[in-house]
**Q** 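Okay, here's the structure, questions in a sec.
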Amino acid sequence: MAGESNSHRSGGEERAENGGEVDDDRGENGGFKMPEIRYTKLFIDGRFVDAVSGKTLESRDPRTGDVIASVAEGNKEDVYLAVRAAREAFDHGKWPRMSGSERGRVMLKYAELVEHHADELAALESLDAGKPLAVTRVVDVGNSLHSLRYFAGAADKIHGETLKMSRQLQGYTLREPVGVAGLIVPWNFPAIMFFSKVSPALAAGCTMVVKPAEQTPLSALFLAHLAKQAGIPDGVINVVTGFGPTAGAAIASHMDVDVVAFTGSTEVGRLIMEASARSNLKTVALELGGKSPLIIFDDADLDKAVELAINGNFFNKGEACITGSRVFVQEGIYDRFEQKLADNMKNWVVGDPFDPRVNQGPQVDKAQYEKVLRYIEHGKTEGATVLTGGKPCGKKGYYIEPTIFTNVKDDMIIAKEEIFGPVMCLMKFKTVEEAIGRANDTRYGLAAGVVTRDIDVANRMARSIRAGVVWVNCYFALDSSCPFGGRKMSGFGKDDSMHALDKFLAVKAVVTPVHCSPWF
């Protein structure tokens, strides 16, 4: 969900030994100027409005647990107003009636505005989600811009086909915007996920209702403001902040929403499919959980393999569906790998995300913090060995030591279930066949990594692992031009690349008779 990450390795004098202590020398407001929270209302039909109920929800700073802002709490009534605005904009507005090149020009203007406000957007993301500011500026904002510009370029490249019919008929296909899209995005990469869904929907000519996660609503509202400034017509992008069981459920079950694209947990993905089936059988695209394997062979570059394992697990404090949390190391290098991994983790700094020395900020909220700690206790109870970390750190906020378990068995809870936190399971294997079998022994199929110098092994592994993406000698190597999405219980449908347009387009066949044609 981000470009290939290169987490900072600097620590200075105040380091978290094995993640044990938070660098807490923050000063007031964490040593940086708190960004101004300018937008806290729902964005419907081009205007910021209060929720119909007048209710608000609290956005909290994960560094301290303190309230950042009170944000409008949308529910079913607000979703219906947003869908009505989106439907009006689709049925009678100019956005779907613009040429693709015209839509692309407006989207490029949108990208210019996002880039102009990149520092403010990065600060909002870091404050709301606990992400290190330096990484957020480069990775989160950078990838958001890449996505928006990629699909701006794709807007005039949506083509149908000419059909070679078997009779005296002429046939061709049209790829039409499907209509109103419901876009439900998660809290781990708020801006990236916003644009991974909004960008292809805009390029296709759809209108939309976006529901950001209740934990991280601030950037979506700011981006809605920039969309209006860019000239995107009223009603095309609507943002309803609120909770999943109310606002999210209303989008999934609305009879006038034509497609829902969701990124989040497998459990909620099931509910969205059920809501679609019970309502209008709207198209559903799901990017769900993962328990991805990172498989390291004896011939791997040891330094590179350790770096990939650390970044593949602890980047974004482990709050990524594609973390390579099951690390399989071939027995010939296992002991050296384990020792080097433990040594390198001594330089990993947990602390305030606005401190440039910090590698890992706090978990997004108290609920996620407590969930991760419960999984760590499961690992201890089941008999896994704590190599590093294993407990919370800091006097306030939602900080957890980066935790590495050894002596992990495949049937342990920590090896089977998605933890979504800074927890790595380190395991040993002997043969290629064993690695393939254990990599595929999961209900998920989102991503995988293979580290080897042997091209034959790399090719065999890439073709054998049942996952949506397999990275060879790299990890988190995502790009706007590369399709991303899972298999099995990791969902279906693609974000990124031209494939991402498919969920927002309907294919229509047009057939006419051809009389007296000199050829067929």
**Q** Would you say Thr40's side chain and Val71's backbone share a donor-acceptor pair under 3.5 angstrom?
**A** no
**Q** Show your reasoning for whether salt bridge (Lys or Arg N to Asp or Glu O under 4.0 Å) applies to Glu417 and Lys371.
**A** CA-CA 12 Å; Glu417 297 186 9; Lys371 176 184 175 183; over 6 Å; no
**Q** Salt-bridge test for Arg443 and Glu418: reply yes if a basic N is under 4.0 Å from a carboxylate O, no otherwise.
**A** no
**Q** So, the side chain of Asn238 versus the backbone of Met208: is there a donor-acceptor pair under 3.5 Å, distance only?
**A** yes
**Q** Would you say Asn316 and Lys131 are linked by a side-chain donor-acceptor pair, where the criterion is simply a distance under 3.5 Å?
**A** yes
**Q** Between the main-chain N or O of Ile272 and the side-chain N or O of Ser276, is there a donor-acceptor pair closer than 3.5 Å?
**A** no
**Q** Between Thr323 and Lys291, do the side chains contain an N or O donor and an N or O acceptor separated by less than 3.5 Å?
**A** no
**Q** Is the ring pair His378/Tyr375 parallel, tilted or perpendicular, if the boundaries are 30 and 60 degrees?
**A** tilted
**Q** List the atom of Ala181, the atom of Phe504, and the distance in Å for their closest heavy-atom pair.
**A** CB-CE2, 3.8 Å
**Q** Taking Ser490 for the side chain and Leu288 for the main chain, is one N or O donor matched with an acceptor at less than 3.5 Å?
**A** no
**Q** Short question: side chain of Asp61, backbone of Asp66 - any donor-acceptor pair under 3.5 Å?
**A** no
**Q** Quick one: do Asp78 and Lys55 satisfy salt bridge (Lys or Arg N to Asp or Glu O under 4.0 Å)? Show the steps, please.
**A** CA-CA 11 Å; Asp78 304 288; Lys55 292 182 178 180; over 6 Å; no
**Q** Give a yes or no on whether Met273 atom CE has more than 12 heavy-atom contacts from other residues, nucleotides or ligands under 6.0 Å away.
**A** no
**Q** I'd like to know whether CZ of Arg84 has more than 12 heavy-atom contacts from other residues, nucleotides or ligands below 6.0 angstrom.
**A** no
**Q** Are the side chain of Arg487 and the backbone of Tyr444 linked by a donor-acceptor contact shorter than 3.5 Å?
**A** no
**Q** When rounded to the nearest 0.5 angstrom, what is the spacing between CD1 in Ile404 and CG in Leu426?
**A** 7.5 Å
**Q** Of all the heavy-atom pairs spanning Thr241 and Pro212, show the shortest one and how long it is.
**A** CG2-CG, 3.8 Å
**Q** Does any N or O in the side chain of Asp258 come within less than 3.5 Å of the main-chain N or O of Val180, such that one atom is a donor and the other an acceptor?
**A** yes
**Q** Has the side chain of Trp471 got a donor or acceptor atom that lies under 3.5 Å from a matching backbone atom of Ala477?
**A** yes
**Q** Do Thr246 side-chain atoms and Phe243 backbone N/O form a donor-acceptor pair below 3.5 Å?
**A** yes
**Q** Centres of the Phe43 and His225 rings: under 6.0 Å?
**A** no
**Q** Can you tell me how far CE of Met424 sits from CD1 of Ile310, rounded to the nearest 0.5 angstrom?
**A** 6.5 Å
**Q** For a side chain to side chain donor-acceptor pair (under 3.5 Å) check, start with the C-alpha distance between Ser480 and Ser147, then their side-chain angles and the critical distance, and finish with the verdict.
**A** CA-CA 5 Å; Ser480 297; Ser147 178; 4.7 Å; no
**Q** Please lay out, stage by stage, how Lys494 and Asp502 fare under the test salt bridge (Lys or Arg N to Asp or Glu O under 4.0 Å).
**A** CA-CA 8 Å; Lys494 298 297 181 184; Asp502 294 343; over 6 Å; no
**Q** Determine, stepwise, if the pair Lys197 / Thr263 fulfils side chain to side chain donor-acceptor pair (under 3.5 Å).
**A** CA-CA 9 Å; Lys197 300 193 187 313; Thr263 295; 2.9 Å; yes
**Q** Kindly assign one of parallel, tilted or perpendicular to the pair Phe222 and His117, based on the angle between their ring planes and the thresholds 30° and 60°.
**A** perpendicular
**Q** If you compare all heavy atoms of Ala224 against all heavy atoms of Val239, which two are closest, and at what distance to 0.1 Å?
**A** CB-CG2, 3.8 Å
**Q** Which distance, rounded to the nearest 0.5 Å, do you find between the CD1 of Ile232 and the CZ of Arg103?
**A** 11.5 Å
**Q** Would you say Lys157's side chain and Gly153's backbone share a donor-acceptor pair under 3.5 angstrom?
**A** yes
**Q** Do Gln368 and Glu319 have side-chain atoms, one donor and one acceptor, less than 3.5 Å apart?
**A** no
**Q** List the steps, then state whether side chain to side chain contact (heavy atoms under 4.5 Å, CB included) holds for Ile414 with Ile419.
**A** CA-CA 7 Å; Ile414 57 171; Ile419 297 174; 4.2 Å; yes
**Q** When you check the gap from the basic side-chain N to the acidic O, do Asp234 and Lys228 get nearer than 4.0 Å?
**A** yes
**Q** Assess the side chains of Glu125 and Ser219: does a donor N or O sit below 3.5 Å from an acceptor N or O?
**A** yes
**Q** I need the minimum non-hydrogen distance between Leu127 and Phe354, along with the two atoms involved.
**A** N-CZ, 3.6 Å
**Q** Under a 4.0 Å N-O cut-off, is there an ion pair linking Arg60 with Asp365?
**A** no
**Q** Could you check whether Ser497 and Ser481, counting side-chain N and O atoms only, form a donor-acceptor pair closer than 3.5 Å?
**A** no
**Q** Over all heavy atoms of both residues, which pair between Lys317 and Val364 is shortest? Give the atoms and the distance, please.
**A** NZ-N, 3.8 Å
**Q** Would you call the rings of Phe48 and Tyr39 parallel, tilted or perpendicular, where under 30° means parallel and over 60° means perpendicular?
**A** parallel
**Q** Look at atom CZ of Arg38 and say whether more than 12 heavy atoms of other residues, nucleotides or ligands are closer to it than 6.0 Å.
**A** yes
**Q** Regarding Asp128 and Ser59, is there a side-chain donor-to-acceptor distance under 3.5 Å anywhere?
**A** yes
**Q** Tell me the closest heavy-atom pair linking Ala320 and Phe189, and the distance in Å.
**A** CB-CE1, 4.0 Å
